[in-house]
2 protein chains.
Amino acid sequence: MSIEHTILAVLSFWPSTGYNIKSEFEHKAAGLYWGMSYGSIYPKLKKLEEEGFIYAIEQEDEGRKKKMYELTAKGWKEFENWLKIPPSFPIIKDELLMKMSTWHEDMDNEVLISHLLKRKEETSDILKFVQEWPRNGYSYVSKLGCLSIRYAEMKLETEIKWIEESIEALQNNNLPDGQDPHGNTEKLLNRRRRAIGGDKGNCQ
Amino acid sequence: MSIEHTILAVLSFWPSTGYNIKSEFEHKAAGLYWGMSYGSIYPKLKKLEEEGFIYAIEQEDEGRKKKMYELTAKGWKEFENWLKIPPSFPIIKDELLMKMSTWHEDMDNEVLISHLLKRKEETSDILKFVQEWPRNGYSYVSKLGCLSIRYAEMKLETEIKWIEESIEALQNNNLPDGQDPHGNTEKLLNRRRRAIGGDKGNCQ
DNA sequence: TCTAACATGTAAAAAGTTACATGATTCA
DNA sequence: TGAATCATGTAACTTTTTACATGTTAGA
């Protein structure tokens with residue numbers, strides 16, 4: 001999915017400046033979506049304007065001078081055609097999960113627990129936000145926007161539950177069994193010790 | 001998070017070829033992580049070898065000629081140092097959510113439902129996989145790998161539940177109320193109709 | 001014999017970030 | 001007066017994908 005369509009989507013809500021588009025994602029993406037940098041936004045706005053999807057309303061009157069962008073007829077059509085295209089499966093880059101699934105038995109579990117606690121806090125902050133935002137009295141949340149936020153809410157609650165379960169399992173040495181028919185856990189530790197050499201092998 | 005560290009992480013499990021690393025992500029990423037292309041993998045393997053993090057075991061004997069890569073002592077250390085760094089918050093690009101939250105009232109809800117149904121199928125396939133994989137009798141799943149898979153399972157189940165609730169709400173016109181203190185829904189539709197012109201405005 | 005899977009790689013393009021440069025306005 | 005926020009933009013860099021090129025081997 002392209003930044004271009006994401007920009008059109010934001011502009012469909014209301015005319016915005018480049019600065020505005022960035023801040024829209026800063027707090028409201030709510031773990032549903034990713035932000036973009038000015039280095040992406042401004043060149044894309046320029047490009048979209050040149051191609052006739054959006055136009056600028058230069059406002060030098062009300063205090064600051066800024067460029068508000070609004071969709072053209074062509075922009076609306078492009079946006080709506082994009083909406084109708086079946087969305088591709090989400091791309092997720094979750095470093096915590098990558099780290100946890102490759103964590104090995106010569107590593108200190110306390111460090112992993114601290115990673116989980118950090119994540120729990122971040123997730124809780126976002127959860128708090130998505131629970132308050134649709135009820136704050138001034139933000140615009142459409143009916144379908146509300147449904148999307150409901151997804152974020154359910155997902156974040158599930159995540160917190162999983163983190164709590166995982167910390168509990170790590171602390172009480174109550175981990176699931178796994179599946180290791182070929183003794184891979186042992187092989188891994190041996191490969192590592194052989195590579196590192198001697199008994200300098202314990203990383204705690 | 002870098003492709004380099006992800007490659008080191010995969011190699012920590014067992015020595016692998018470039019081809020192998022890609023297939024590792026093809027099926028096992030399980031919605032937890034993203035795949036990478038050969039155009040990323042092979043140059044990175046070369047670079048990691050040059051920098052002394054991995055070394056190649058060229059195997060021309062057993063049938064096919066291939067380059068198995070294994071971690072060096074330096075590679076193990078780099079991998080483990082990376083494991084200890086607090087992971088950054090996941091990056092998610094969920095096109096379905098972006099589309100749903102910017103869907104507007106002149107769009108056909110049936111199309112949105114078809115998007116949801118497609119996602120439900122994709123999610124169900126992955127869920128089935130993560131439920132069977134740790135019990136298939138031959139794959140290696142470490143204890144912490146099992147915990148990671150448990151996360152995927154919970155997350156995917158939650159997602160399916162949300163999809164079902166959402167489809168139900170869309171079909172029975174039972175959507176949540178949203179929050180629109182400034183009449184933005186109306187404003188949006190007016191801006192759109194003005195831009196598109198006349199009453200060609202209905203996109204169904 | 002043919003297809004699918006195995007296997008390695010490069011070049012060009014696309015996508016996106018970081019760092020920098022600049023300046024106005026608001027508010028404590 | 002100084003900091004935070006609003007505001008726009010570019011250049012260099014990094015990262016990653018796409019498309020191409022090439023060839024082997026196992027099995028139906």
Side-chain angles (χ1 to χ4, degrees), chain A residues 1-8 10-11 14-27 29 33-51 54-69 82 88-93 95 98, chain B residues 1-8 10-11 14-29 33-51 54-70 82 88-93 95 98:
Chain A
M1 137 162 222
S2 57
I3 284 207
E4 276 97 329
H5 285 117
T6 311
I7 290 177
L8 295 181
V10 172
L11 293 183
W14 37 60
S16 310
T17 67
Y19 185 84
N20 210 309
I21 290 169
K22 179 151 168 64
S23 34
E24 199 79 24
F25 280 93
E26 219 80 309
H27 44 295
Y33 226 73
W34 88 117
M36 26 183 154
S37 58
Y38 295 126
S40 292
I41 293 171
Y42 286 108
K44 293 291 177 195
L45 283 171
K46 206 175 177 180
K47 197 188 151 207
L48 286 168
E49 192 183 11
E50 280 165 10
E51 291 170 343
I54 61 177
Y55 64 97
I57 316 161
E58 235 133 331
Q59 290 183 312
E60 275 149 284
D61 32 36
E62 50 165 60
R64 272 184 196 79
K65 48 200 169 301
K66 54 185 175 177
K67 268 187 183 171
M68 293 275 267
Y69 287 97
W82 171 76
S88 52
F89 202 76
I91 292 166
I92 301 176
K93 299 190 188 188
E95 220 178 300
M98 184 82 262
Chain B
M1 139 166 219
S2 58
I3 285 209
E4 277 97 329
H5 285 118
T6 311
I7 290 177
L8 294 182
V10 172
L11 293 184
W14 38 58
S16 309
T17 67
Y19 185 83
N20 210 309
I21 290 168
K22 181 152 168 61
S23 34
E24 201 77 23
F25 280 93
E26 218 79 309
H27 44 295
K28 294 185 195 157
Y33 225 73
W34 89 116
M36 22 184 156
S37 58
Y38 294 126
S40 293
I41 294 171
Y42 285 109
K44 292 291 177 194
L45 283 172
K46 207 175 175 180
K47 197 187 150 208
L48 286 168
E49 193 184 10
E50 279 164 12
E51 292 170 342
I54 60 176
Y55 64 97
I57 317 163
E58 235 134 330
Q59 290 182 313
E60 275 149 282
D61 31 36
E62 51 164 59
R64 270 186 197 81
K65 48 201 170 306
K66 53 184 177 181
K67 268 188 182 170
M68 292 277 267
Y69 287 97
E70 168 65 306
W82 171 77
S88 52
F89 202 75
I91 292 166
I92 301 177
K93 298 189 187 189
E95 220 177 301
M98 183 83 260

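Just so we're on the same page: letters track the sequence lines, and every chain starts at 1.
- Judged by the 6.0 Å distance and 45° axis criteria, A:Lys93 is not positioned over the aromatic ring of B:Tyr33.
- Remark: B:Ser23 is not in phosphate contact with C:dC6, judged by side-chain N or O atoms under 4.0 Å from OP1 or OP2.
- At whole-Å resolution of the value, CE in A:Met68 and P in D:dC6 are 14 Å apart.
- The shortest distance between side-chain heavy atoms of A:Glu24 and A:Trp14 falls below 4.5 Å.
- Here the side chain of B:Lys66 is nearest to one of C:dA7, C:dG9, D:dG9, namely C:dA7.
- In terms of phosphate contacts, A:Tyr38 brings no side-chain nitrogen or oxygen within less than 4.0 Å of OP1 or OP2 of D:dT8.
- At whole-Å resolution of the value, NZ in A:Lys22 and P in D:dG9 are 16 Å apart.
- When the P atom of D:dT10 is taken as reference, atom NZ of A:Lys47 falls 15 Å away, rounded to whole Å.
- In this structure, the side chain of A:Ser23 does not engage the main chain of A:Ile21 through any donor-acceptor pair within 3.5 Å.
- A sub-4.0 Å separation between OP1 or OP2 of D:dT8 and a side-chain N or O of A:Tyr42 is present.
- In this structure, B:Lys66 is not positioned above the aromatic face of B:Tyr19 in the sense of NZ or CZ being under 6.0 Å from the six-membered ring centre and within 45° of the axis.
- Rounded to whole Å, the distance from NZ on A:Lys44 to P on D:dG9 is 16 Å.
- Distance, A:Ile57 CD1 to D:dT8 P: 12 Å, rounded to whole Å.
- Residues B:Met68 and B:Thr17 are in side-chain contact: their nearest non-hydrogen atoms beyond the backbone lie under 4.5 Å apart.
- By the 4.5 Å heavy-atom criterion applied to side chains, B:Tyr69 and B:Ile7 are not counted as neighbours.
- The nearest whole Å value for the distance from the NZ atom in B:Lys93 to the P atom in D:dT15 is 15 Å.
- Contact annotation: A:Lys65 does not reach the phosphate of C:dT25 (side-chain N/O to OP1 or OP2, under 4.0 Å).
- For the pair A:Ser40 and C:dA15, the criterion of a side-chain N or O lying under 4.0 Å from OP1 or OP2 is not met.
- One can place CG of B:Leu48 at 16 Å from C1' of C:dG9, the figure rounded to the nearest angstrom.
- Within 6.0 Å of NZ in A:Lys22 there are more than 12 heavy atoms belonging to other residues, nucleotides or ligands.
- At the heavy-atom level, A:Ser37 lies under 4.0 Å from base atoms of the strands shown.
- Within the structure, a side-chain polar atom (N or O) of B:Lys46 is placed less than 4.0 Å from OP1 or OP2 of C:dT10.
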Pick out the pairs of N or O atoms, protein on one side and nucleotides 11-13 of chain D on the other, that lie under 3.5 Å.
none

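- Between B:Asn20 atom CG and C:dC6 atom P there is a gap of 9 Å when expressed in whole angstrom units.
- Here D:dT5 is the nucleotide among D:dG9, C:dA5, D:dT5 with the atom lying nearest to any side-chain atom of A:Tyr19.
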